[in-house]
There are 2 protein chains.
Amino acid sequence: MTDRPAGSTSPKALNIAREVRRRIVEREWRQGERIPDEADLAIEFDAARATVNKALQLLADEGLLDRRRRAGTRVTVNPTRKATVSISIVREQVEQAGMAYSYRVVAQRRSPVPPDIAARLALPEGKLLVHMRAVHYGDGRPFQLEDRWINTCSAPGLEGVDFWQLNANEWLVQNAPYLHAELAFTAANADRREARLLQTRQGQALLIMQRTTWNDLGPITTVRVACQPGHLISTEGGYARSNWPAGETRTPDTP
Amino acid sequence: MTDRPAGSTSPKALNIAREVRRRIVEREWRQGERIPDEADLAIEFDAARATVNKALQLLADEGLLDRRRRAGTRVTVNPTRKATVSISIVREQVEQAGMAYSYRVVAQRRSPVPPDIAARLALPEGKLLVHMRAVHYGDGRPFQLEDRWINTCSAPGLEGVDFWQLNANEWLVQNAPYLHAELAFTAANADRREARLLQTRQGQALLIMQRTTWNDLGPITTVRVACQPGHLISTEGGYARSNWPAGETRTPDTP
DNA sequence: GAAGCCTCTATGTCTATACTTATCTTGCGC
DNA sequence: GCGCAAGATAAGTATAGACATAGAGGCTTC
């Protein structure tokens, strides 16, 4: 009898993963302990080994299991869990929040690259890159402030583009897909200019997002995004979207 | 002598993924375009369809491809790329940075839960939870400041634990695996107390990490971590860690 | 006992095949 | 022309079988 009352949408591998996860969380299988091997689990769950493999790989990716050839699979002792951040274009973020998007370029010029940026991009100091600063607005209020350096060598076709009118972020996303990216978060106090552009006070703590992308030609662009005060970047919990919070509390932004 | 000049580290599915990625990045297959179906690719790459499927699923997870049954696979128009943040226990972070770890509990008591925390945990306001504040040090200098609420109902066995001595973070990681987690980043100005504990000045911008975990019994714990000034949380670039710095750029015909 | 070799096992990966399922297309009846 | 049902198609998923390979553990040798 296939019970599917609680919405168990039945891809077999996922069911197996869920059951194994439950056994771990409920401590039937304890930290560091070795769990039955794939073949045994395949018998227990009446599935092919490949299916069990898929399930266990999933849990290993989540950081719950440690798998090694010949040694078998054991429950991770100090699980390093992973959370994923989705980076979409600003306009979509703003619009998804139900606000009207607008965009203003504050400055744009070719400029020799300063030492810190050069280091981050692994480019010779002083090389001429396109440097631009822009503000993204939601409903007319400043949402994000971006300070971007673009390496035209890695973005062919960019030469003729007029970023005073076009959104650099979107142009790059659509026209210069990357092979490698780095992303980092930090915090910084708003300086005088940032405070003015974001319409806040100097010294206000800002969430800073630094992002650099590369393709096979080299670095494409690096950008430092300063978010509006109180902005929250949240990650996707990952796997088990359960249903405890009866009222899915989508936390309102902090004032 | 294993000559693998072009770095083809052999798992066939990964090779296929890499090649498809290359075709996208090099714009052989353009944004929005439909790519050949799995069967055709299987023939082209001389692989089974399952293998091609695995490769394409990988790229879809990365956000590069959009796949729909019957409709086929197309290159994503506005790729929303994903980056993953690894959350390990603080001690490991500190030690990995080559510093000596220490830990000090600043306060711990049972306390009625304030409205904002109650909302976040979906618990009735005023319920008694364990509230604790602690500082993590690296080489004696403050590294992180944590403000944690623990729901003993969801963490059986916690009643008798003495967090004045034991590291709450580690105890929870090892003894209360979770099913669901949420993580968010924001920035805040250090208040008087935070400034003192982190040995910095009041108003200093701090990177804040908020993390809440649940298991099948309900919310386990929520913690607000304030990082030392200048702290950087970086994500794993993801898939293609390449080696441009003067590395072998598999240079195609560059226009 | 330490070092080195050997063997066997559990996972890693791939294949061929089959069936399921969503959804686009087509064609029929009106 | 319109609506709806039938068919076709591409991805989704599962399976049994096979071989590859890392590496733990035992064995031998010095």
Side-chain angles (χ1 to χ4, degrees), chain A residues 2-4 7-21 23-24 29 32-77 79 239 241, chain B residues 1-4 7-21 23-24 29 32-77 79 239:
Chain A
T2 49
D3 56 339
R4 55 188 59 199
S8 55
T9 348
S10 38
K12 208 161 176 177
L14 289 186
N15 282 338
I16 296 176
R18 178 160 39 231
E19 169 62 11
V20 171
R21 204 185 283 122
R23 291 186 189 176
I24 294 171
W29 291 340
E33 230 173 61
R34 176 149 171 217
I35 77 172
D37 65 38
E38 293 185 348
D40 291 346
L41 289 177
I43 296 170
E44 186 194 329
F45 291 119
D46 187 34
R49 190 168 77 85
T51 309
V52 173
N53 183 288
K54 200 174 170 186
L56 296 189
Q57 291 241 8
L58 187 79
L59 296 178
D61 286 345
E62 283 176 11
L64 267 184
L65 293 179
D66 239 350
R67 327 192 67 208
R68 265 159 49 224
R69 284 187 180 171
R70 158 72 212 200
T73 300
R74 22 190 88 241
V75 182
T76 310
V77 196
Y239 44 109
R241 89 271 177 269
Chain B
M1 52 183 185
T2 50
D3 58 340
R4 50 190 63 188
S8 54
T9 346
S10 348
K12 208 161 174 177
L14 289 187
N15 282 339
I16 296 176
R18 178 161 40 232
E19 170 62 13
V20 171
R21 204 185 282 123
R23 290 186 189 175
I24 294 172
W29 291 340
E33 230 172 61
R34 175 144 171 223
I35 76 172
D37 65 39
E38 294 186 347
D40 291 346
L41 290 176
I43 295 170
E44 185 193 330
F45 291 120
D46 186 34
R49 189 167 78 86
T51 308
V52 173
N53 182 287
K54 200 174 171 186
L56 296 190
Q57 290 244 5
L58 186 79
L59 296 177
D61 286 345
E62 281 176 13
L64 267 184
L65 293 180
D66 241 349
R67 326 192 69 208
R68 266 165 45 228
R69 283 188 181 169
R70 160 71 212 200
T73 300
R74 20 190 91 244
V75 181
T76 310
V77 195
Y239 44 108

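Below, chain A is the first sequence line, B the second, and so on; all start at residue 1. Not measured: the values here are computed from a predicted model.
For D:dT21, neither phosphate oxygen OP1 nor OP2 lies less than 4.0 angstrom from any side-chain nitrogen or oxygen of A:R70. Side-chain N/O atoms of A:T73 include none lying less than 4.0 angstrom from OP1 or OP2 on C:dA10.
B:P36 and B:L41 make their closest contact through O-CD1, 3.7 Å (heavy atoms, listed as atom of the first residue, atom of the second, distance). When all heavy atoms are compared, the tightest approach of A:R49 to A:A39 is CD-N, 4.3 Å. Nearest heavy atoms, B:L65 versus B:V75: CD2-CA, 4.1 Å.
C:dG12 atom P lies 10 Å from atom CG of A:D61, rounded to whole Å. Spacing between atom CG of B:D37 and atom P of C:dC24 amounts to 16 Å, rounded to whole angstrom units. B:D66 has its CG atom 17 Å from the P atom of D:dA10, to the nearest Å. Residue A:R67 contributes atom CZ, which lies 15 Å from atom C1' of D:dG23 at whole-angstrom precision. In this structure, the CG atom of A:L58 is 16 Å from the P atom of C:dT11, given to the nearest Å.
A:K12 places a side-chain N or O within donor-acceptor distance of the main-chain N or O of A:D46, the cut-off being under 3.5 Å.
With DNA chain D read from its 5' end, the first of the two nearest nucleotides for A:R68 and B:I35 is the one closest to B:I35.
Looking at heavy-atom distances under 4.0 Å, A:R74 makes no contact with the nucleic acid at all.
The side-chain contact (heavy atoms from CB on, under 4.5 Å) search around B:R23 returns B:E19, B:E28, B:W29, B:E44, B:F45, not counting sequence neighbours.
Partner of A:L59 under the side-chain contact (heavy atoms from CB on, under 4.5 Å) criterion, out of A:R67, A:R21, A:R18: A:R21 alone.
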Using a 4.0 Å heavy-atom cut-off to protein, can you give one letter per nucleotide of nucleotides 13-21 of chain C, 5' to 3': B if the base is in contact, S if only the sugar-phosphate is, - if neither?
BSB--B--B
